[in-house]
Amino acid sequence: MIVRIMGEGQFDVADVEQDALQAYDDKVEQAVQSGDEEQTSAALHDLRSYILSHGTPVADDFLGTSDIVVPFADASIDDIRQLVDGSGLIPDLDSPGPQG
């Protein structure tokens, strides 16, 4: 799974502990829902830090798309809301997909 952090590049998080990644994402979603700008900023910072420290940078010449987009460091709650789809920024990979 490729994550793009806006302004910082792409990172492969396939080998990252998915439960930990999801926990950071859940904190961002909860903070956005609370409307607390400071809490949202802190949660986004923690998510970004986790991805940067545990993900593998993707080569600059990689032409594939990102599976997930994480906002830039100083994104506002409104910026983040545009990317959150009700399941956070990062979809829960353990949840079943849409039935159909």
Sequence-distant partners of Glu17, side chain to side chain donor-acceptor pair (under 3.5 Å), two or more places apart: none

Asp78 side chain to Gln82 side chain, donor-acceptor N/O pair below 3.5 angstrom: no

Non-hydrogen atoms of Val13 and Gly55 that approach each other most closely: CG1-CA, 4.2 Å

Joint cluster assignment, Val58 & Val3, ILVMFWY side-chain distance < 4.5 Å: no

Close side-chain approach of Gln18 to Val16, heavy-atom, < 4.5 Å: yes

Counterpart residues, side-chain contact (heavy atoms from CB on, under 4.5 Å), relative to Ser41 (two or more places apart): none

Distance-minimising heavy-atom pair for Ile5 and Pro71: CG2-O, 4.2 Å

Residue pair Ile51 / Leu21, side-chain heavy-atom distance below 4.5 Å: yes

For Ala31, side-chain contact (heavy atoms from CB on, under 4.5 Å) partners two or more places apart: Gln39, Thr40, Ala43

For Glu37, side-chain contact (heavy atoms from CB on, under 4.5 Å) partners two or more places apart: Ser76, Ile77

Residue pairs involving residues 9-47 (criterion ring pair (Phe, Tyr, Trp, His ring centres under 6.0 Å); sequence neighbours excluded): Tyr24-Tyr50

Distance, nearest 0.5 Å, that separates CE of Met1 from CD1 of Ile68: 4.0 Å

Backbone of Phe72 reached by a side-chain donor or acceptor of Arg48 within 3.5 Å: no

Hydrophobic cluster identity match, Leu52 and Ile2, side-chain contacts under 4.5 Å: no

Cluster check Phe62, Val69: I/L/V/M/F/W/Y, side chain < 4.5 angstrom: no

Gap separating the CG atom of Asp25 from the CG atom of Leu44, nearest 0.5 angstrom: 10.0 Å

Straight-line distance of Gln30 CD to Lys27 NZ, nearest 0.5 Å: 8.5 Å

Residues which pass side chain to side chain donor-acceptor pair (under 3.5 Å) with Asp74, listed by chain and number, not counting sequence neighbours: none

